[in-house]
Participant: 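After the structure tokens below, expect a handful of questions from me.
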Amino acid sequence: MEYAEKQIRQLQNQEKLYTNAYSKEERRLRTRRLCREAGVLEHFAPELKTMNEQEAAAFIETAATSQEAQEFLRKRGTSHDETDTDSTSDEN
């Protein structure tokens, strides 16, 4: 009985380690993606570097809600499911 309880505790600790490692990797990938996307934004709008947070948010909101952007997103939405599996390999 004592041996089984010890094994249960070890497995629970191992599960915590794996969960923490998975979370850390997810955060790393998210940070990488956000940095890459911010770099793309700065490439096309270098003025973003000198804007404060509110100005940058207003600019991005205006750009993202433009008719052209909405049309692009609608078109991408129909093909997103097909390309989603391809784009995950680029994250590493």
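Quick note: numbers below take in every heavy atom, side chains included, and nothing from hydrogens, waters or symmetry partners.
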Participant: To the nearest 0.5 Å, what is the distance between CZ (Arg27) and CG (Leu34)?
Facilitator: 13.5 Å
Participant: For the residue pair Arg9 and Lys6, establish whether any side-chain heavy-atom pair is separated by less than 4.5 Å.
Facilitator: yes
Participant: Taking the side chain from Gln70 and the backbone from Ala64, do they hold a donor-acceptor pair closer than 3.5 Å?
Facilitator: yes
Participant: Please check if the number of heavy atoms outside Glu5 that lie under 6.0 Å from its CD is greater than 12.
Facilitator: yes
Participant: Rounded to the nearest 0.5 Å, what separates atom SG in Cys35 from atom CD in Glu42?
Facilitator: 10.0 Å
Participant: Side-chain contact test, heavy atoms from C-beta onward, threshold under 4.5 Å: evaluate it for Lys24 versus Asn20 and give yes or no.
Facilitator: no
Participant: Roughly how far apart are Glu26 CD and Arg30 CZ, rounded to 0.5 Å?
Facilitator: 11.0 Å
Participant: Mark yes or no for whether Glu55, through its side chain, and Asn52, through its backbone, hold a donor-acceptor pair below 3.5 Å.
Facilitator: yes
Participant: Is the shortest heavy-atom distance from the side chain of Glu68 to the side chain of Phe72 under 4.5 Å?
Facilitator: no
Participant: Heavy-atom distance under 4.5 Å between the side chains of Leu41 and Glu37, does that happen here?
Facilitator: no
Participant: So how far is it from Met51 CE to Ile60 CD1, rounded to the nearest 0.5 Å?
Facilitator: 8.5 Å
Participant: Does the side chain of His43 reach to within under 4.5 Å of the side chain of Val40, using non-hydrogen atoms?
Facilitator: no
